[in-house]
Amino acid sequence: MDWFNENSTEMVSGLINIAIIVVIALVLRAIVGRVIDQLAKRMVNSRERIDKAKAKAASRVIKQSNDGRGERQRQRAGTIASVLKSVASFVIFGIAFVTILGQFGINIGPIIASAGVIGLAIGFGAQSLVQDFLSGIFMMVEDQYGVGDVVDVGDAVGTVEAVTLRITKIRDLNGGLWHVRNGEIMRVCNMNQDWANAVVELPLDYSVNLEEAKAVIQRSIDEFADNPAFAPKIIERPDITGVVGIGNGAVTVRVMVMTQPGDQWSIGRDLRAHLKAGLDAAGVRVAYPILPLANAGASQSG
């Protein structure tokens, strides 16, 4: 009883200090969380303004689903905010816990030194993990790619099925699912961002009158661009780039059309079929590969 009377003032003072530390930690955590949420919101709003500016600068209004794009941006910002909040909570409450131990008279010097040594050991042992997380954070902040995008990251080429801070899952054309660590991705080709080009090359017979053939091609691609089934996917009307190759009995003419991101492959297939029908109707001959003399002689003898 005498001990309690002698130390009651010190105990009450220690409890008050502990309460103050806890309150400060909670308030600081709330403030940091609010700041992180505001930064995430600002990131989404900034990206939306950039997208609107790009749409206004385009010759035609891009009909890409803004709702889906905005939802992806909000999800990305939410993921980043969640990670930053977790890190902030760990740091703030960790410091508060060590400070509370000091209020109980525990020497926190060895604890801090041990934590430093353990942290250094973990840092050396988990360099690749830290690299993956940092790469994942920067990838999300910069919006390099997202779920549903078709990407080329080197060995893996396909559709992104999942994105986390550590790995990216990519489904290739054969159905294989690639698990790629974010830290190993040195460069990314995103084929579903902003806009894309469908490139069609027509190998015309060498004897074809080029000007007449171009007139047929221009008429065909104009019909294609005016088709209501394809027009919503096209940003700019198809254009004849010109002759891009001469050889093997062929004059190769290239046609390009700017499309919505992700529609370049379907537009390319449909445009090829439409051009084939137009060339056939106009009697424009497509080139056939010239067989080498040895093969030609062998085929004749057979």
Side-chain angles (χ1 to χ4, degrees), residues 50-66 69 143-145 148-154 157-160 172-173 187-292:
I50 293 174
D51 291 340
K52 289 180 180 178
K54 288 181 178 179
K56 290 180 180 179
S59 58
R60 282 183 52 186
V61 177
I62 298 178
K63 299 180 178 62
Q64 181 182 357
S65 175
N66 292 326
R69 190 179 183 88
D143 191 22
Q144 296 176 9
Y145 56 84
D149 288 346
V150 179
V151 298
D152 180 351
V153 297
V157 180
T159 304
V160 177
D172 64 19
L173 187 61
R187 64 10 171 223
V188 180
C189 175
N190 190 336
M191 306 176 197
N192 285 66
Q193 207 163 45
D194 299 332
W195 54 271
N197 278 331
V199 182
V200 177
E201 294 187 349
L202 302 171
L204 305 178
D205 190 86
Y206 200 83
S207 62
V208 168
N209 185 301
L210 191 57
E211 294 304 320
E212 293 180 359
K214 282 185 176 181
V216 173
I217 294 172
Q218 186 64 55
R219 185 165 57 250
S220 181
I221 61 178
D222 286 340
E223 294 173 356
F224 181 84
D226 293 333
N227 190 324
F230 307 124
K233 300 179 181 180
I234 299 174
I235 298 176
E236 291 185 357
R237 298 181 69 85
D239 178 58
I240 301 176
T241 304
V243 177
V244 296
I246 298 177
N248 198 24
V251 178
T252 304
V253 177
R254 177 178 293 169
V255 176
M256 293 182 62
V257 52
M258 183 182 291
T259 72
Q260 300 292 342
D263 290 327
Q264 62 267 38
W265 298 288
S266 61
I267 287 293
R269 291 191 295 267
D270 293 329
L271 181 57
R272 289 183 183 92
H274 189 80
L275 285 169
K276 171 66 165 58
L279 293 175
D280 289 344
V284 178
R285 296 180 57 188
V286 177
Y288 293 91
I290 299 176
L291 296 176

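Computed from a predicted structure; not experimentally measured.
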### Task
Kindly indicate whether the side chain of Arg187, heavy atoms from C-beta on, has any atom under 4.5 Å from the side chain of Asp152.
yes
### Message
To the nearest 0.5 Å, what is the distance between CG on Asn197 and CD on Glu236?
### Response
8.5 Å
### Task
Report yes if the side chains of Val257 and Leu271 come closer than 4.5 Å at any heavy-atom pair, otherwise no.
yes
### Message
Just so I know, are the side chains of Pro203 and Val286 near enough to count as touching, which here means a heavy-atom distance under 4.5 Å?
### Response
yes
### 4.5 Å side-chain heavy-atom contact, Lys233 and Ser266
yes
### Query
Can you check side chain to side chain contact (heavy atoms under 4.5 Å, CB included) on Met258 and Met256, steps first, answer last?
CA-CA 7 Å; Met258 183 182 291; Met256 293 182 62; over 6 Å; no
### Check against side chain to side chain contact (heavy atoms under 4.5 Å, CB included), Ile246 and Thr252
CA-CA 6 Å; Ile246 298 177; Thr252 304; over 6 Å; no
### Query
Hey, what do you get for CD (Gln264) to CE (Met191), rounding to the nearest 0.5 Å?
8.0 Å
### Query
Between CD of Gln260 and CD1 of Ile235, what distance do you get to the nearest 0.5 Å?
4.5 Å
### Task
Would you please test Asp222 and Gln218 for side-chain hydrogen bond (donor to acceptor under 3.5 Å, both in side chains) and show each step?
CA-CA 6 Å; Asp222 286 340; Gln218 186 64 55; 3.1 Å; yes
### Query
Does the side chain of Asp226 reach to within under 4.5 Å of the side chain of Arg237, using non-hydrogen atoms?
yes
### Message
Would the distance check show the side chain of Asn190 and the main-chain N or O of Asn192 forming a donor-acceptor pair, the cut-off being under 3.5 Å?
### Response
yes
### Message
Let me confirm one number: the CG-CD1 distance from Asp263 to Ile234, rounded to the nearest 0.5 Å.
### Response
9.5 Å
#### Entry: Close side-chain approach of Ile221 to Ile240, heavy-atom, < 4.5 Å
yes
### Message
Which heavy atom of Gly278 sits nearest to which heavy atom of Val216, and what is that distance?
### Response
O-CG1, 3.9 Å
### Query
Given side chains that start at C-beta, do those of Val244 and Glu201 come closer than 4.5 Å, heavy atoms only?
yes
### Message
Using the rule side chain to side chain contact (heavy atoms under 4.5 Å, CB included), only one of Val150, Leu173, Asp172 pairs with Thr159; which is it?
### Response
Val150
### Task
For the residue pair Leu204 and Val253, establish whether any side-chain heavy-atom pair is separated by less than 4.5 Å.
yes
## Note on the structure
In terms of heavy-atom contacts, Val255 and Pro238 come closest through CG1-CB, 4.3 Å
### Task
Classify the ring geometry between Phe224 and Phe230 as parallel (under 30°), tilted (30 to 60°) or perpendicular (over 60°).
parallel
### Task
Measure the spacing between CZ of Arg285 and OG of Ser207 and express it to the nearest 0.5 Å.
5.0 Å
#### Entry: Atom of Trp195, atom of Pro261 and distance for their closest heavy-atom approach
CA-CD, 4.0 Å
### Task
For the pair Asp149 (side chain) and Val151 (backbone), establish whether a donor and an acceptor sit closer than 3.5 Å, ignoring hydrogens and angles.
no
